[in-house]
Amino acid sequence: MSDRRHILILGGTTEARWLAGELDADPGIRVTTSLAGRVAQPRLPAGQVRIGGFGGAEGLARWLREQQVDALIDATHPFAGTISFNAAEAAAAVPVPLLAVRRPGWEPGPGDRWHEVASLAEAAGVLPALGERAFLTTGRMGLAAFAHLEDMWFLVRSVDAPEPPAPPRMEVLLDRGPFTLDGERELLRRHRIDVLVTKDSGASATSAKLAAAREAAVPVVVVRRPAAPEGVPTAADPAEAREWLRQQFPGG
């Protein structure tokens with residue numbers, strides 16, 4: 001049996017890839033990253049990778065036991081859905097130490113014209129009063145919420161092609177961050193965007209669109225983050241997560 005610590009990262013984010021690379025370079029650690037499989041060609045991290053769901057909290061707990069995982073790190077996207085709650089339940093059941101890497105959210109600054117909403121459906125409800133040509137950067141999974149807005153035009157940016165139902169008047173831009181301020185300025189100008197829709201995903205890789213919207217006085221509809229499990233220790237970045245692991249396994 002190996003004496004290396006086995007760390008499972010629930011991944012899919014830049015932070016998860018960075019942390020996996022750091023841990024994989026440590027001879028005392030075996031790292032596995034789990035990806036949901038929603039992106040056709042994901043950027044694979046260092047170390048072992050598994051793709052696909054676990055089958056809820058019970059399935060995740062079973063995998064943690066079978067694979068003799070020593071610590072679980074939830075570094076999923078802030079809008080990943082139920083996986084964070086499954087992680088909290090599974091970690092408590094096994095039990096194993098659990099840490100959530102939660103990047104800070106965006107905050108409006110001077111000149112920003114933000115309209116904060118709780119859901120994509122609420123975002124669709126306020127859009128017609130704000131503009132006619134929307135830049136939609138909420139991913140390919142939630143387009144159904146905007147499908148009824150037949151009088152609006154959408155520029156939809158996502159990593160993979162979206163599937164119906166979707167707005168009838170739209171152009172799809174397949175691209176992956178990080179994005180530059182100059183590039184976002186040009187997108188707004190070329191497509192005559194008069195309203196931006198985004199989720200509060202945080203991080204700098206996709207924040208340039210907010211600065212471009214501010215400069216152009218374009219209103220921004222920001223979908224707030226969903227609730228996260230209470231009582232789970234958190235780290236703001238991978239460096240904090242690495243320090244947490246050192247504290248969990250001192251000398252190891």
Side-chain angles (χ1 to χ4, degrees), residues 11-21 35-36 38-45 75-80 101-117 120 123-124 127 130-143 145-146 152-163 166-167 169-226 236-239:
T13 59
T14 301
E15 291 89 345
R17 286 192 300 275
W18 189 96
L19 184 58
L35 303 176
R38 292 178 178 174
V39 177
Q41 295 181 320
R43 293 173 175 169
L44 297 180
T76 55
H77 191 275
F79 286 84
V101 180
R102 305 206 188 284
R103 63 177 73 152
W106 292 320
E107 296 289 342
D112 283 322
R113 301 171 57 194
W114 283 19
H115 301 262
E116 296 191 32
V117 296
L120 292 177
L127 264 187
L130 297 175
E132 298 178 347
R133 299 178 64 84
F135 184 18
L136 196 59
T137 64
T138 55
R140 66 186 180 92
M141 305 297 289
L143 290 189
F146 305 91
M152 293 194 67
W153 182 89
F154 291 88
L155 175 65
V156 177
R157 182 166 67 193
S158 63
V159 176
D160 293 324
E163 299 178 356
R169 302 176 60 219
M170 73 173 187
E171 178 177 333
V172 175
L173 175 62
L174 300 182
D175 204 355
R176 189 197 305 254
F179 303 106
T180 66
L181 178 55
D182 285 344
E184 301 294 62
R185 286 169 175 155
E186 174 59 19
L187 275 183
L188 297 185
R189 184 200 64 78
R190 184 168 74 249
H191 295 283
R192 295 179 287 116
I193 299 299
D194 55 14
V195 60
L196 167 67
V197 185
T198 186
K199 294 177 178 178
D200 179 17
S201 58
S204 60
T206 58
S207 63
K209 60 192 173 189
L210 301 175
R214 183 187 311 123
E215 292 179 357
V218 167
V220 181
V221 179
V222 180
V223 181
R224 294 189 296 269
R225 295 181 178 188
D237 55 44

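We number each residue from 1, following the sequence as shown. Values below: all heavy atoms of this structure, side chains included; hydrogens, waters and symmetry mates excluded.
For the side-chain contact (heavy atoms from CB on, under 4.5 Å) test, residues two or more places apart in sequence or in another chain that qualify with S158 are R140, P162, L174. With sequence neighbours left out, the ring pair (Phe, Tyr, Trp, His ring centres under 6.0 Å) criterion links W18 to no other residue. With sequence neighbours left out, the side-chain contact (heavy atoms from CB on, under 4.5 Å) criterion links A16 to I9, T13, A75. With sequence neighbours left out, D112 forms a salt bridge (Lys or Arg N to Asp or Glu O under 4.0 Å) with R214. Applying the side-chain contact (heavy atoms from CB on, under 4.5 Å) test to A166 and every residue at least two apart in sequence or in another chain returns L143, M170. Partners of D200 by salt bridge (Lys or Arg N to Asp or Glu O under 4.0 Å), not counting sequence neighbours, listed by chain and number: R225. Take K199 and apply the side-chain hydrogen bond (donor to acceptor under 3.5 Å, both in side chains) test, not counting sequence neighbours, and it matches no residue. Under the rule for a ring pair (Phe, Tyr, Trp, His ring centres under 6.0 Å), the partners of H191 that lie at least two apart in sequence or sit in another chain are W153. Not counting sequence neighbours, the partners of R102 by the side-chain contact (heavy atoms from CB on, under 4.5 Å) test are D74, S84, A100, A228, P229, T234.
Within the structure, salt bridge (charged side-chain N to carboxylate O under 4.0 Å, His left out) contacts touching residues 179-188 (residues at least two apart or in different chains) are R157-E184, D182-R185, R185-E215, E186-R189, E186-R190.
Summarising the geometry of P238 relative to L19, their closest heavy-atom pair is O-CD1, 3.9 Å, with the distance given to 0.1 Å.
Enclosure of atom CZ in R192 is not indicated, since only 12 or fewer non-hydrogen atoms of other residues, nucleotides or ligands lie within 6.0 angstrom.
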